[in-house]
J.: 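This is the structure I have questions about; it appears just below.
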Amino acid sequence: MPELPEAETIVRGLRPHVEGRRIVSAEFYARRVSSDAPQEWAGRQVIAVRRQGKQVLLCLDSGASILIKLGMTGALLWNGQFGPYTRARLEFEGGGVLLFDDIRQFGSLRLVEEAGGKLGPDPFEITAEDFAARLRRRNTQVKRALLDQSLVRGLGNIYTDEALFRAQIHPRARTRRLRIDRARRLHGEIVKLLEEAIALRGSSISDYVDAQGERGTFQTRHQVYGKAGQPCPRCGTPITRIVVAQRGTHYCPRCQRI
DNA sequence: TGCCATGTTAATGC
DNA sequence: TGCATTAACATGGC
């Protein structure tokens with residue numbers, strides 16, 4: 001669920017509470033949530049809260065960072081209610097508790113020495129030119145390429161479908177055959193889409209909530225995601241659902257031609 | 001009941 | 001090397 005706009009909303013909500021604070025203790029309640037020893041986190045000060053694609057980083061005074069992957073259903077709740085899906089709990093000096101709730105347990109927390117890994121550039125930090133070049137270097141379906149975090153980081157199933165609709169590109173279009181102006185335009189649409197989604201605090205499709213437990217509202221602006229059978233907002237043709245890269249994919253067969 | 005779901009990674013084969 | 005496919009993870013909703 002959480003993609004870039006949701007992670008950004010969580011980070012913004014967490015920052016004023018967590019930055020500059022020291023971790024007093026950490027506890028894990030599920031084997032899968034972390035393989036770290038929680039006492040190794042204790043005593044560390046969080047100097048910055050950052051987003052990395054769709055992940056959240058708590059940057060520590062030691063130089064290392066706690067990398068938080070939200071998976072499908074992860075939530076970070078500031079002073080939230082401890083519940084059956086609470087998988088981790090961080091207590092901060094001076095009061096305040098950060099809970100990591102995660103129904104499906106695809107999320108995780110782990111200490112990393114270096115950020116980045118195999119992630120590609122953030123869509124906000126890459127030029128249209130560079131984006132187009134990276135995209136056209138691949139030889140695959142454009143939807144698959146956008147979901148690949150090593151091309152650009154932060155897009156998931158929802159925003160990929162929405163961005164391709166806005167750019168009027170078929171999700172199965174081959175990256176190598178995309179004209180350069182179309183690839184540049186796709187980057188522009190991605191940036192605008194993500195900015196709009198952040199302004200509305202993300203999309204709450206099922207259970208995404210921000211650090212205060214509040215839902216986002218960008219789902220009310222979705223044009224194709226989850227809209228199979230409904231008329232295309234541009235031309236009225238029914239939105240079609242197909243499977244691309246093993247993911248449900250929504251597009252307008254008239255506006256988005258190969 | 002069976003299938004589907006916003007994510008990621010590993011294994012395997014071409 | 002790059003790309004495609006499948007499985008796996010754990011749980012809730014329809």
Side-chain angles (χ1 to χ4, degrees), chain A residues 1-10 28-35 51-57 67-76 83-88 100-110 112 116-120 133-165 171-177 190 193-194 197-198 200-210 215-229 241-251:
Chain A
M1 167 196 323
E3 304 178 30
L4 187 151
E6 291 76 34
E8 180 65 27
T9 302
I10 290 169
F28 303 140
Y29 308 100
R31 176 57 60 113
R32 311 189 83 257
V33 73
S34 185
S35 52
R51 177 184 61 74
Q52 188 171 74
K54 44 181 101 158
Q55 307 168 352
V56 176
L57 277 178
L67 173 67
I68 302 169
K69 292 187 174 185
L70 298 162
M72 297 267 270
T73 55
L76 286 167
Y85 304 118
T86 300
R87 311 298 184 186
F100 178 67
D101 280 24
D102 187 16
I103 295 172
R104 286 176 66 180
Q105 301 192 65
F106 286 1
S108 64
L109 291 72
R110 112 185 116 95
V112 294
K118 287 166 288 185
L119 294 179
R134 292 178 71 89
L135 191 64
R136 281 151 41 94
R137 207 177 296 151
R138 305 286 181 103
N139 181 23
T140 187
Q141 297 167 327
V142 64
K143 166 137 182 177
R144 187 186 286 274
L146 293 182
L147 288 172
D148 184 344
Q149 302 297 297
S150 69
L151 183 85
V152 277
R153 61 196 197 213
L155 295 175
N157 207 33
I158 295 174
Y159 293 104
T160 295
D161 281 4
E162 293 296 321
L164 289 172
F165 173 74
R172 284 191 174 131
R174 304 300 296 190
T175 50
R176 200 169 269 179
R177 305 200 59 171
I190 288 170
L193 169 71
L194 295 176
I198 290 168
L200 292 188
R201 311 177 59 79
S203 303
S204 289
I205 289 296
S206 57
D207 40 21
Y208 160 74
V209 289
D210 69 13
R215 292 166 60 84
T217 59
F218 192 70
Q219 66 279 6
T220 63
R221 307 296 172 89
H222 291 174
Q223 296 181 289
V224 289
Y225 179 80
K227 307 275 184 199
R241 183 186 187 278
I242 58 175
V243 174
V244 180
Q246 283 72 55
R247 316 298 295 277
T249 297
H250 315 77
Y251 76 108

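Sequence lines set the chain letters: A, B, ... in the order given, protein chains first and strands last, and positions in each chain run from 1.
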J.: Separation of A/Q246 atom CD from B/dC3 atom P, in whole Å?
T.: 17 Å
J.: Between C1' on C/dG2 and CZ on A/R176, what's the gap in Å once rounded to a whole number?
T.: 9 Å
J.: Does a side-chain N-to-carboxylate-O contact under 4.0 Å join A/R138 and A/D148?
T.: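 Yes.
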J.: Can you find a side chain N or O atom of A/R104 that sits less than 4.0 Å from OP1 or OP2 on C/dG12?
T.: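 So the side-chain polar atoms of A/R104 never come under 4.0 Å of the phosphate oxygens OP1 or OP2 of C/dG12.
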J.: Write down the distance between OH (A/Y159) and C1' (B/dG7), rounded to a whole number of angstrom.
T.: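 It is 15 Å, rounded to the nearest whole Å.
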J.: Round to the nearest Å and state the distance from A/Y208 atom OH to C/dG13 atom C1'.
T.: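 After rounding, the gap between these two atoms is 21 Å.
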J.: Is the ring centre of A/F106 under 5.5 Å from the base ring centre of B/dT8, and are the two planes under 30° apart, so that they stack?
T.: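 Ring-base stacking flag not set for A/F106 and B/dT8.
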J.: Roughly, in whole Å, what's the span from CZ in A/R32 to C1' in B/dT9?
T.: 11 Å
J.: Taking atom P of B/dG7 as reference, at what distance in whole Å does atom CG of A/N157 sit?
T.: 6 Å
J.: With a 4.0 Å cutoff (strictly under), does any side-chain N or O of A/Q105 reach OP1 or OP2 of C/dT11?
T.: yes
J.: Taking the side chain as every heavy atom from C-beta outward, state whether A/L70 and A/F100 have any atom pair closer than 4.5 Å.
T.: yes
J.: So which one's nearest nucleotide on DNA chain B is more toward 5', A/V243 or A/Q149?
T.: A/V243
J.: Using OP1 and OP2 only, check whether a side-chain N or O of A/T140 sits under 4.0 Å from C/dG2.
T.: no
J.: So, is A/Y85 near the phosphate of C/dG12, with a side-chain N or O under 4.0 Å from OP1 or OP2?
T.: yes
J.: Using a cut-off of strictly less than 4.0 Å, decide whether A/K54 has a side-chain nitrogen or oxygen near OP1 or OP2 of B/dG7.
T.: yes
J.: In this structure, how many angstroms lie between the C1' atom of B/dG7 and the CD atom of A/E6, rounded?
T.: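 Taking atom C1' of B/dG7 as the reference, CD of A/E6 is at 13 Å.
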J.: Counting only Watson-Crick pairs (N1-N3 plus N6-O4 or O6-N4) and G-U wobbles (N1-O2, O6-N3), all under 3.5 Å, who is the partner of C/dT11?
T.: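 Because both required distances fall under 3.5 Å, C/dT11 counts as paired with B/dA5.
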J.: Using a heavy-atom cut-off of under 4.0 Å over every strand shown, decide if A/N139 touches base, sugar-phosphate, or nothing.
T.: sugar-phosphate
J.: Under 3.5 Å, is there a donor on one side chain and an acceptor on the other for A/Y208 and A/E3?
T.: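 Distance-only check fails for A/Y208 and A/E3.
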J.: Taking OP1 and OP2 of B/dG7, is either one under 4.0 Å from a side-chain nitrogen or oxygen of A/R247?
T.: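 It does, given that an N or O in the side chain of A/R247 lies less than 4.0 Å from OP1 or OP2 of B/dG7.
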J.: So if I apply the side-chain hydrogen bond (donor to acceptor under 3.5 Å, both in side chains) rule between A/S203 and each of A/R215, A/H222, A/E162, which one comes out positive?
T.: A/H222
J.: Between C/dA4, B/dT9, C/dT11, which nucleotide has the shortest distance from any of its atoms to the side chain of A/R174?
T.: C/dA4
J.: What is the distance, rounded to the nearest whole Å, between atom CE of A/M72 and atom C1' of B/dC4?
T.: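 Taking CE of A/M72 and C1' of B/dC4, I get 9 Å after rounding.
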J.: Are A/T249 and A/T160 side-chain neighbours, meaning at least one heavy-atom pair lies under 4.5 Å?
T.: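 With C-beta onward as the side chain, the pair stays apart.
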J.: Within the structure shown, what part of the strands sits under 4.0 Å from A/R138 by heavy-atom distance: base, sugar-phosphate, or nothing?
T.: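 A/R138: backbone/sugar contact only, no base atoms under 4.0 Å.
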